[in-house]
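Counting from 1, the numbers follow the sequence of the chain as shown.
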Amino acid sequence: MATRWQPRPNAETTELPALPKARVRAAFGRHARHAAQHDVAQRKIAATLFAALDAAIAAAEAPLPQTPWLLDAGCGVGRDLPHLKARFPHHRLLALDAAPALLATLPPELATPIVGDLEQLPFPTQTLALYWSNCAWQWTTPVLVVQEIVRTLAPNGWAAISIVLAGTFPELATAFAELGEPPPLAPLPDEAAWRQAFAGHPWRTLHATHHTIRLFFATPDALLASIRGVGATATPKTPHRFDRTRPRRLAAALERLRGPHGIPLTYQILTILAQRP
């Protein structure tokens, strides 16, 4: 059973004004059983982040700190946990997510599951040797989540993070514009906001890299299922007039974007590797 976290005394919280955290938890929880079927982009991003982390640690002058704890922050259904375990077999894994339904899918032997908030980590100061987070930060407030990394990493500890940026899924924005509607997606911070949040703290090492990842789908239904399947539509509901032709018109708009490899869907991703001094 996942541990229910308790907020730290006097911890500061900030909600995205248009996106209550409860809605994010609910969106991901609804798709817990199917998330692993639709995370092709997340697997590509994780492979890139793991390769960069391996190279950075190998080249670092200071080794990982002796504290035994590694955190997968926003772990989802735990697809990165076996890779973390294989790389760091002598460390203990903590798997934190805001959605209990996702944590319920984790194999109990892999990690200690914890229900928690990325902006209020339930750990003492300087606890973690490694903070890992793959595609989980986009619905947080940059300054708050970075502050929690600084607080919880032990000296010489590493953070490896991938973040979905504003400008992701432009194809969906184009298709919904034809319907006269905004896309049903949460507003995301841009790259400048993340770089500014990290620049406010001293780091032994800090590397930030922008990636564009493009997937292709055979049908509009497959593309839309991939977005729903990872809970990416955690946005405030926008009322629209009932129109039974709407699904057909949306599919037609997506079809008009088809290229030689299929219907595209583009992610804008920022990867960050940072070592605390």
Next item on the list: Test side-chain contact (heavy atoms from CB on, under 4.5 Å) on Trp139 and Leu188 and set out the steps.
Entry: CA-CA 7 Å; Trp139 292 289; Leu188 304 178; 3.9 Å; yes
Run the side-chain donor-acceptor check on residues 152-163: report pairs under 3.5 Å with partners two or more places apart or on a different chain.
unit_1, atom_1, unit_2, atom_2, d
Thr152, OG1, Glu148, O, 2.7
Asn156, OD1, Arg204, NE, 3.1
Asn156, OD1, Arg204, NH2, 2.9
Ser162, OG, Asn134, OD1, 2.6
Ser162, OG, Cys135, N, 2.9

Item checked: All salt bridge (Lys or Arg N to Asp or Glu O under 4.0 Å) counterparts of Arg248, not counting sequence neighbours -> none
Note to self: For a quick test of reading the model, state the closest non-hydrogen atom pair linking Arg151 to Leu121 and the distance between them.
What the structure shows: NH2-O, 2.9 Å
Next item on the list: Kindly say whether Ala101 contributes a backbone atom to a donor-acceptor pair with the side chain of Thr105 at under 3.5 angstrom?
Entry: no
Notebook entry, point to check: If you draw a 6.0 Å radius around CZ in Arg43, do more than 12 non-hydrogen atoms from other residues or ligands fall strictly inside?
Noted result: yes
Check: Once the angle between the rings of Phe50 and Trp132 is folded into 0 to 90°, is it parallel (under 30°), tilted (30 to 60°) or perpendicular (over 60°)?
Finding: parallel
Item checked: Separation between OG of Ser133 and CG of Asp80, rounded to the nearest 0.5 Å -> 9.0 Å
Note to self: For a 4.5 angstrom cut-off between non-hydrogen side-chain atoms, does Gln268 reach Val164?
What the structure shows: no
Next item on the list: Looking only at non-hydrogen atoms, find the nearest pair between Leu257 and Pro264 and report the distance.
Entry: O-CD, 3.3 Å
Notebook entry, point to check: How close do Leu254 and Pro220 get, heavy atom to heavy atom, and via which atoms?
Noted result: CD1-CB, 3.9 Å
Margin query: Between Arg276 (side chain only) and Ala129 (backbone N and O only), is there a donor and an acceptor less than 3.5 Å apart?
Written below: no
Next item on the list: Working to the nearest 0.5 Å, report the span between CG of Leu103 and CG of Leu96.
Entry: 7.5 Å
Show every donor-acceptor pair shorter than 3.5 Å between a side-chain atom in residues 82-91 and any protein atom, with sequence neighbours excluded, or say none if there are none.
unit_1, atom_1, unit_2, atom_2, d
Arg87, NE, Asp54, OD1, 2.9
Arg87, NE, Asp54, OD2, 3.1
Arg87, NH2, Asp54, OD2, 3.1

Notebook entry, point to check: In Å and rounded to the nearest 0.5 Å, what is the CG to CD distance from Leu49 to Gln42?
Noted result: 13.0 Å
Checklist line | Contact list for residues 65-77, test side chain to side chain donor-acceptor pair (under 3.5 Å), sequence neighbours left out | finding: none
Margin query: Ala192: which residues meet the side-chain contact (heavy atoms from CB on, under 4.5 Å) condition with it, sequence neighbours left out?
Written below: Asp190
Check: Just how far is it from atom NZ of Lys44 to atom CG of Leu215, taken to the nearest 0.5 Å?
Finding: 6.5 Å
Check: Taking atom OG1 of Thr266 and atom CZ of Arg214, what is their separation to the nearest 0.5 Å?
Finding: 3.5 Å
Check: Can you name the nearest heavy-atom pair linking Ala193 to Pro142, along with the distance?
Finding: O-CB, 3.9 Å
Check: Is any side-chain heavy atom of Leu224 closer than 4.5 Å to a side-chain heavy atom of Leu250?
Finding: yes
Next item on the list: Return yes if some donor-acceptor pair links the side-chain N/O of Arg258 with the main-chain N/O of Ala218 below 3.5 Å, else return no.
Entry: yes
Next item on the list: Identify the two heavy atoms, one from Phe217 and one from Ser226, that lie closest to each other, and give their separation to 0.1 Å.
Entry: CZ-OG, 3.4 Å
Notebook entry, point to check: Can you name the ring pair (Phe, Tyr, Trp, His ring centres under 6.0 Å) partners of His211, sequence neighbours left out?
Noted result: none
Next item on the list: May I ask you to decide if Phe123's main-chain N or O and Thr127's side chain share a donor-acceptor pair within less than 3.5 Å?
Entry: no
Note to self: Would the distance check show the side chain of Thr141 and the main-chain N or O of Leu144 forming a donor-acceptor pair, the cut-off being under 3.5 Å?
What the structure shows: no
Notebook entry, point to check: Is it the case that more than 12 heavy atoms not belonging to Glu255 sit under 6.0 Å from its CD atom?
Noted result: yes
Check: Can you tell me how far the CG atom of Leu206 sits from the CG atom of Leu273, to the nearest 0.5 Å?
Finding: 9.0 Å
